[in-house]
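A short write-up of the structure that comes next.
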Amino acid sequence: MKKGTKRKQPLNSSSSSSITKSLKRSKTIGIGNTEPYPDHPRPTPDECLALRDALLALHGFPKEFLKYREQRLKKENPSFEKNSLKPEPPEKLHVEEKSDSSGKSEGEESVLDGLVSTILSQNTTDVNSQRAFLSLKSAFPTWEDVLAAEPNHIEDAIRCGGLAPTKASCIKSILNCLFEKRGKLCLEYLRDLSIGEVKAELSQFKGIGPKTVACVLMFHLQQNDFPVDTHIAKSIGWLPVLADVKRAYLHLNCRIPNNLKFDLNCLLFTHGKNQEYGPKHCNLIPPFTRKELC
């Protein structure tokens with residue numbers, strides 16, 4: 001991730017035209033904040049806060065998401081120093097940031113890196129998706145190298161992440177589309193756009209769905225968005241039983257306070273992965289969600 005303050009650049013006419021044309025296609029991404037279930041009052045802000053605090057006390061803040069949390073805090077406060085996080089709770093929140101052999105921080109990712117890593121994370125484990133991304137970057141150090149590569153070679157590089165033909169085709173299509181529209185393989189311009197504009201831009205790429213867009217917004221652009229896991233949300237009563245994915249996304253993003261979206265998403269994801277917590281730990285969970293989450 002580039003350091004220092006960035007000067008906001010005005011959109012050129014071709015970019016503005018591109019965004020305008022893609023607004024129609026962006027309906028599947030869920031642009032807008034209209035509440036689709038006005039008669040379904042959950043979750044309330046108090047419920048969101050209570051669940052966030054309970055899961056934080058139970059798990060601590062997940063270390064795999066800490067670098068993204070630091071990036072968000074740095075965006076909000078440019079003078080923020082990493083490792084200055086106030087622990088919530090003290091014994092669990094702080095973890096050391098790792099660096100690779102070159103000394104590059106784990107948090108230094110481009111937006112395009114984030115989009116591709118999100119695609120590779122679909123329908124596989126975290127370990128396998130990370131292996132696939134590292135294998136891809138090892139085989140093709142730059143995105144220009146990936147664009148020039150034969151599809152079967154890309155598939156070979158990411159095979160450990162599963163669904164290699166589908167994911168390779170999606171990545172290749174994105175790179176082709178991006179180069180044709182902007183003349184270079186870079187998505188950093190998305191940092192200067194609104195949430196609606198980002199959704200409009202990403203909706204142009206074949207194979208990019210609402211959850212992928214929401215993940216890029218939340219993790220890689222430090223925007224307040226909430227990727228939806230409909231199973232969890234329905235199980236704790238935050239969605240009507242018959243809610244579909246698109247309306248679930250709109251409902252939860254209307255109901256969950258912006259300042260809680262990031263923490264709640266990370267903690268619910270972590271809680272869903274951990275099975276070792278017994279009944280005594282679940283006493284920490286608020287009663288209105290304890291039965292379903294435990």
Side-chain angles (χ1 to χ4, degrees), residues 1-2 59-71 82 95-178 185-188 202 205-222 227 229 231-232 262 265-276:
M1 189 175 183
K2 294 183 180 179
H59 299 289
F61 195 83
K63 63 182 181 181
E64 64 265 37
F65 299 124
L66 187 57
K67 65 179 180 181
Y68 300 113
R69 197 172 198 258
E70 289 178 341
Q71 290 167 8
K82 65 182 180 182
V95 296
E96 294 183 359
E97 185 181 74
K98 299 178 181 178
S99 297
D100 62 21
S101 58
S102 67
K104 181 180 178 182
S105 167
E106 275 189 333
E108 295 179 17
E109 295 176 308
S110 71
V111 180
L112 185 53
D113 286 348
L115 176 59
V116 173
S117 64
T118 302
I119 292 168
L120 293 175
S121 72
Q122 296 168 1
N123 301 105
T124 191
T125 65
D126 292 342
V127 172
N128 285 340
S129 68
Q130 290 167 11
R131 284 176 57 202
F133 184 79
L134 291 174
S135 175
L136 180 65
K137 296 297 283 185
S138 176
F140 308 104
T142 69
W143 293 118
E144 287 76 13
D145 293 334
V146 179
L147 179 60
E150 293 296 327
N152 60 310
H153 293 161
I154 301 174
E155 291 175 25
D156 290 340
I158 65 173
R159 200 169 302 282
C160 59
L163 299 177
T166 300
K167 293 177 181 178
S169 175
C170 181
I171 293 168
K172 186 85 168 178
S173 173
I174 289 171
L175 297 179
N176 274 315
C177 181
L178 183 58
L185 301 179
C186 179
L187 288 174
E188 296 307 300
L202 293 180
F205 300 132
K206 182 180 178 181
I208 301 301
K211 192 166 185 178
T212 297
V213 173
C215 286
V216 171
L217 279 164
M218 186 176 73
F219 290 115
H220 305 289
L221 294 172
Q222 295 83 47
D229 187 317
H231 173 71
I232 291 177
F262 178 78
N265 189 274
C266 296
L267 288 162
L268 281 169
F269 175 81
T270 298
H271 188 77
K273 287 200 310 179
N274 287 286
Q275 303 295 327
E276 71 271 19

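Every value quoted in this text rests on a predicted model; they were computed, and no experiment measured them.
Of all heavy-atom pairs spanning V146 and K172, the tightest one is O-NZ, 3.7 Å. Minimum heavy-atom separation, E188 to L112: OE2-N, 4.5 Å. Taking every heavy atom of both residues into account, Q122 and K167 meet most closely at O-NZ, 2.7 Å. Heavy atoms only, all atoms of each residue included: C170 and I119 are closest at SG-CD1, 3.8 Å.
Annotation: side chain of R69 is not in contact with side chain of C266 (no heavy-atom distance under 4.5 Å). Contact annotation: the side chain of I208 never approaches that of V216 to less than 4.5 Å [non-hydrogen atoms, C-beta and beyond]. Under the 4.5 Å side-chain criterion, counting only non-hydrogen atoms from C-beta, L185 is not in contact with T142.
Summarising the geometry, atom SG belonging to C160 is positioned 10.0 Å from atom CG belonging to L136; distances are rounded to the nearest 0.5 Å. With values rounded to the nearest 0.5 angstrom, K137 atom NZ is found 10.0 Å from L134 atom CG.
A search for ring pair (Phe, Tyr, Trp, His ring centres under 6.0 Å) contacts involving F65 returns F219, F269, not counting sequence neighbours.
No side-chain donor from either of S129 and D126 sits under 3.5 Å from a side-chain acceptor of the other.
Sorted by first and then second residue, the side chain to side chain donor-acceptor pair (under 3.5 Å) pairs with a member in residues 150-165 read D156-R159; sequence neighbours excluded.
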